[in-house]
Amino acid sequence: MKVQSLFTKALWLTLVGIAVMVVTIFRLSPSLAYSTTTPSAQPSVAKETIAYYAAGTSLYKRLGGYNAIAAVIDDTAKYLFADPQIGKYFIGLSTNSKQRLRQLLIDQFCEAAGGPCVYTGRTMKLSHSGIGGGLTNSEFNAFYNDVAKALNENKVGLAEKTQVLAFVESLRSKIVER
């Protein structure tokens with residue numbers, strides 16, 4: 001009888017130990033009813049979005065998905081780098097730096113359009129602060145026009161083009177410093 005009682009106690013202690021390990025490892029609440037999330041390493045940043053829907057279809061899908069957004073960004077980058085007004089900010093960037101910038105733009109526009117991408121770059125204010133004494137409205141207009149040119153070149157529909165350009169315009173106050 002004592003052996004069975006000791007066995008029962010040992011079994012219960014083992015089960016309690018396993019439960020404590022599970023709760024600790026998986027960060028479960030003591031009730032095991034729900035799990036808690038680990039806080040993000042980066043502070044939460046309000047995301048800019050243009051992902052509203054028309055007839056139940058996301059802008060991401062109406063634009064043609066990831067590859068279509070990447071094509072627009074590729075053409076935008078081509079215009080930006082050659083732009084007489086803002087191309088000066090990209091002189092001296094390595095191929096790798098240009099590719100990183102391209103990917104950040106794709107992720108930002110993809111996420112804003114309701115796609116599966118996640119923009120991991122800095123805020124627009126932080127990314128553009130202090131560049132050559134700050135960007136001007138005229139320089140921002142050049143960027144806006146380069147995006148518009150790329151949208152036209154890729155034959156993006158008027159409704160979708162309007163939404164993308166409204167998103168670009170929403171960034172003005174975060175980018176223009178002077």
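Just so you know, these numbers use all the heavy atoms, side chains as well, and skip hydrogens, waters and symmetry mates. Along the sequence shown, residues are numbered consecutively beginning with 1.
Closest heavy-atom contact between L93 and S97: CD2-CB, 4.0 Å. Of all non-hydrogen atoms in A113 and L63, the two that sit nearest each other are CB-CD1, 4.2 Å. Annotation for K98 and F90: closest pair CE-O, 4.1 Å, computed over non-hydrogen atoms. The shortest non-hydrogen separation linking E153 to K78 is OE2-NZ, 3.4 Å. Residue R62 comes nearest to T57 through the heavy atom pair NE-O, 3.2 Å, listed as atom of the first residue, atom of the second, then distance.
With respect to K149 and D75, no salt bridge is recorded, no charged nitrogen being found less than 4.0 Å from a carboxylate O.
We find the CG-OH distance between L101 and Y89 to be 14.5 Å, quoted to the nearest 0.5 Å. For the atom pair C117 SG and Q108 CD, the distance stands at 11.5 Å (nearest 0.5 Å). Rounding to the nearest 0.5 Å gives a distance of 4.0 Å between CG of D74 and CZ of R102. Once rounded to the nearest 0.5 Å, the distance linking CD of E169 with CZ of R172 reads 4.0 Å. A distance of 14.5 Å separates NZ of K174 from CG of L135, quoted to the nearest 0.5 Å.
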Working for side-chain contact (heavy atoms from CB on, under 4.5 Å), residues V168 and Y144: CA-CA 7 Å; V168 171; Y144 181 99; 3.8 Å; yes
Step-by-step side-chain contact (heavy atoms from CB on, under 4.5 Å) determination, K161 to N152: CA-CA 8 Å; K161 178 181 174 182; N152 287 337; 2.6 Å; yes
From CA spacing to verdict: side-chain contact (heavy atoms from CB on, under 4.5 Å), I86, D146: CA-CA 10 Å; I86 58 176; D146 290 340; 4.0 Å; yes
If you apply the rule side-chain contact (heavy atoms from CB on, under 4.5 Å), what do you find for T120 with E111, and how did you get there? CA-CA 10 Å; T120 59; E111 178 181 71; over 6 Å; no
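Counting heavy atoms from C-beta on, the side chains of L105 and T76 never come closer than 4.5 Å. Counting heavy atoms from C-beta outward, I175 and F143 have side chains that stay 4.5 Å or more apart.
Of the possible polar contacts, one joining the S170 side chain to the F167 backbone as a donor-acceptor pair under 3.5 Å is found. The backbone N or O of C110 lies less than 3.5 Å from no partner atom in the side chain of Y60, so there is not a single donor-acceptor pair.
Put simply, Y79 and V164 are part of two different groups of oily side chains (I, L, V, M, F, W, Y) that touch within less than 4.5 Å, one to the next. Under the 4.5 Å side-chain heavy-atom criterion for grouping Ile, Leu, Val, Met, Phe, Trp and Tyr, Y119 is not connected to L126 through any hydrophobic cluster.
For K61, the NZ atom counts as loosely surrounded, since its 6.0 Å shell holds 12 or fewer non-hydrogen atoms of other residues, nucleotides or ligands.
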